[in-house]
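Chain A is the first sequence line, chain B the second, and so forth, proteins listed ahead of strands; every chain is numbered from 1. Scope of the values below: all heavy atoms of this structure, side chains included, with no hydrogens, waters or symmetry mates.
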Number of protein chains: 2
Amino acid sequence: MGGSRSTVIGRPRGFDTDEALERAMRVFWEQGYEGSSLTDLTGAMGITKTSMYAAFGNKEQLFRKVLQRYADGPAGYFDDALEQPTARAATEALLRGAVRTSTLPGKFAGCLTIQGALPACDGNRPAHDALVQFRNEAVERLEQRFRRAVDSGDLPGDAAPRRLARYVMALAFGIPVHAANGLGRAELDEIVDQVMISWPRVS
Amino acid sequence: MGGSRSTVIGRPRGFDTDEALERAMRVFWEQGYEGSSLTDLTGAMGITKTSMYAAFGNKEQLFRKVLQRYADGPAGYFDDALEQPTARAATEALLRGAVRTSTLPGKFAGCLTIQGALPACDGNRPAHDALVQFRNEAVERLEQRFRRAVDSGDLPGDAAPRRLARYVMALAFGIPVHAANGLGRAELDEIVDQVMISWPRVS
DNA sequence: CCTGTTCTGTACCGAGGGGTACGCTCGTGG
DNA sequence: CCACGAGCGTACCCCTCGGTACAGAACAGG
């Protein structure tokens, strides 16, 4: 089983799927799921609709693959942040990562997971649900990180990990909205400064 | 001048524009600008497309009127909050208002000004721009409220009103996203508790 | 060369989008 | 009671949507 056939049969693919996914990600990022038509997507990807369907399935599955790529790429700061030695450092890394990703050059203001499909209407229910799950998993992972911090004495014993995680994630959700409003990296970093000033101390 | 002609000529309107706007607001709220088709809207309003165009202009103008109604109604907590005696009370009232409006009964989770049209694509540029302006005005008004608080000694002299306003508004933007993720009123209020614990004190 | 297999390009599908033309209905004023 | 003027309903406009059928093009193996 699973013996990968090294010999490829049939006509070889005429484009790089990774590059195509990258371009699709940018379109979804800028315009959201509903706002991105297949014409927009395939135009940016440099392929035809037929090739896109053969390679990725359909628009919804393309979006899921883009979301996975987003998690591994632009949103990779999240995993890195959780590995910081202290809860405080994790929070700061998370928020500064959100700032950086929300203010990449080239009119990508905001965050794919926020503006991808916030409202739930008929056409985008799958994309919407996928993003809800994505965001909720992030909250939960941060909560577990804080729980460990409480156990290890890194956070005060009376700190509520779940509440704290939701608080931090509320900021992580709000920062991309500020970015969509036009705020730049320096201004958003000031918000993070403000957050860190009031971060709960151990003693 | 402007003696309003009390005598109305022509066939009278067969529906209540206020009621129709209210219903349109709910549709836009749930489904966003792009996700709300004219069929959805007029269906909920109980009128035909023709009546809607005659009464409100077109979809974009309808959205603007809905946005105005939203500001006067569900988002009215914002004006009330700014009139609170202290910056602290204003912040708490603002955030608790955001929580309440984001968790109204009947699957209206979230905030019209956030999920109405976050990404900017071809079709919804006007709605998107209107919401950007709406949100930025809110930030600015809160900043001015905080500036007054610093002048009057209500906030510490070293507090940065603009930074503080952006910080609070980041939370006000993030809370509706949490609501869209499924969090309830009690859970969101806990986030506000967390914010208020660390609010800067005068001395 | 031919066969098998996969990708590509064109041309097309039904459905639904926002928006409108036009005749009908309902009220007022003469 | 009749003309007027505005709201209403139907039926339709063109366009774009996501998705597909089908024939041709490019590779491997024989």
Side-chain angles (χ1 to χ4, degrees), chain A residues 3-21 24 27-28 31-66 116-117 119 121-128 130, chain B residues 3-21 23-24 27-28 31-66 116-117 119 121-128:
Chain A
S4 66
R5 295 197 48 85
S6 59
T7 57
V8 183
I9 49 181
R11 177 173 174 175
R13 183 166 283 141
F15 63 96
D16 180 22
T17 55
D18 244 41
E19 173 70 18
L21 265 185
V27 175
F28 278 132
Q31 308 189 340
Y33 181 79
E34 286 210 275
S36 304
S37 70
L38 282 185
T39 307
D40 293 336
L41 289 163
T42 54
M45 296 162 95
I47 62 178
T48 63
K49 276 194 254 191
T50 315
S51 297
M52 181 265 153
Y53 273 85
F56 303 104
N58 61 14
K59 188 184 176 185
E60 178 193 332
Q61 292 178 272
L62 174 66
F63 183 77
R64 288 186 196 278
K65 274 159 185 151
V66 159
C121 45
D122 286 355
N124 68 349
R125 179 79 53 174
H128 173 262
Chain B
S4 64
R5 296 196 48 86
S6 59
T7 56
V8 182
I9 48 180
R11 177 174 173 175
R13 183 169 283 139
F15 63 97
D16 179 22
T17 56
D18 245 40
E19 173 70 18
L21 265 184
R23 303 216 190 160
V27 176
F28 278 133
Q31 308 189 341
Y33 181 80
E34 285 210 277
S36 305
S37 70
L38 281 185
T39 306
D40 294 335
L41 289 163
T42 54
M45 297 162 95
I47 62 178
T48 63
K49 276 194 255 191
T50 315
S51 298
M52 181 265 155
Y53 272 86
F56 303 105
N58 60 14
K59 188 184 177 185
E60 177 192 334
Q61 292 177 272
L62 173 66
F63 183 77
R64 289 186 196 278
K65 274 159 185 150
V66 160
C121 46
D122 287 356
N124 68 350
R125 179 80 52 175
H128 174 262

| field | Closest heavy-atom pair and its distance - A:F56, A:T17 | value | CZ-O, 4.1 Å
| remark: Across all chains, not counting sequence neighbours, the salt bridge (charged side-chain N to carboxylate O under 4.0 Å, His left out) partners of B:R64 are B:E60
| request: Please confirm whether the backbone N or O of A:G35 pairs with a side-chain atom of B:N124, one donor and one acceptor, at under 3.5 Å? | output: no
Enumerate the protein-to-nucleotides 10-16 of chain C contacts in which both atoms are nitrogen or oxygen and the separation is below 3.5 Å.
unit_1, atom_1, unit_2, atom_2, d
C:dT10, O4, A:T50, OG1, 2.8

| Separation of D:dG18 P from A:M45 CE (nearest whole Å) | 13 Å
| query | Rounding to a whole Å, what distance do you find between B:L38:CG and D:dC13:C1'? | reply | 14 Å
| request: Using heavy atoms and a sub-4.0 Å distance, could you list which residues of residues 10-19 of chain B are near DNA chain D? By number, please. | output: B:G10, B:R11, B:P12, B:R13, B:G14, B:F15
| B:F28 and B:Y33 aromatic ring geometry - parallel, tilted or perpendicular at 30°/60° bounds | parallel
Residues 36-47 of chain B side chain polar contacts: donor-acceptor under 3.5 Å, at least two apart:
unit_1, atom_1, unit_2, atom_2, d
B:S36, OG, B:V27, O, 3.4
B:S36, OG, B:G32, O, 2.6
B:S37, OG, B:T39, N, 3.4
B:S37, OG, B:D40, N, 3.1
B:S37, OG, B:D40, OD2, 3.2
B:D40, OD2, B:S37, N, 3.3
B:T42, OG1, B:L38, O, 2.7

| query | Which pair of non-hydrogen atoms, one from A:C121 and one from A:E34, has the smallest distance, and what is that distance? | reply | SG-OE1, 3.0 Å
| task | Rounded to the nearest angstrom, tell me the gap between atom CD1 in B:I9 and atom P in D:dA3. | result | 18 Å
| Nearest to the side chain of B:Y53 - C:dG19, D:dT20, D:dC8? | C:dG19
| Can you check the B:Y33 OH to C:dG17 P distance for me, whole Å? | 14 Å
| task | Using the test side-chain contact (heavy atoms from CB on, under 4.5 Å), find all partners of A:T50 that sit at least two apart in sequence or belong to another chain. | result | A:T48
| Is a side-chain N or O of B:N58 found less than 3.5 angstrom from the main chain of B:Q61, in a donor-acceptor match? | yes
| NA contact type, B:S36, heavy-atom cut-off 4.0 Å: base, sugar-phosphate, or nothing? | sugar-phosphate
| request: In whole angstrom, give the distance that lies between atom CD1 of B:I47 and atom P of C:dG19. | output: 14 Å
| request: For DNA chain D, find the residues of residues 54-61 of chain B with a heavy-atom distance under 4.0 Å and give them by number; none if there aren't any. | output: none
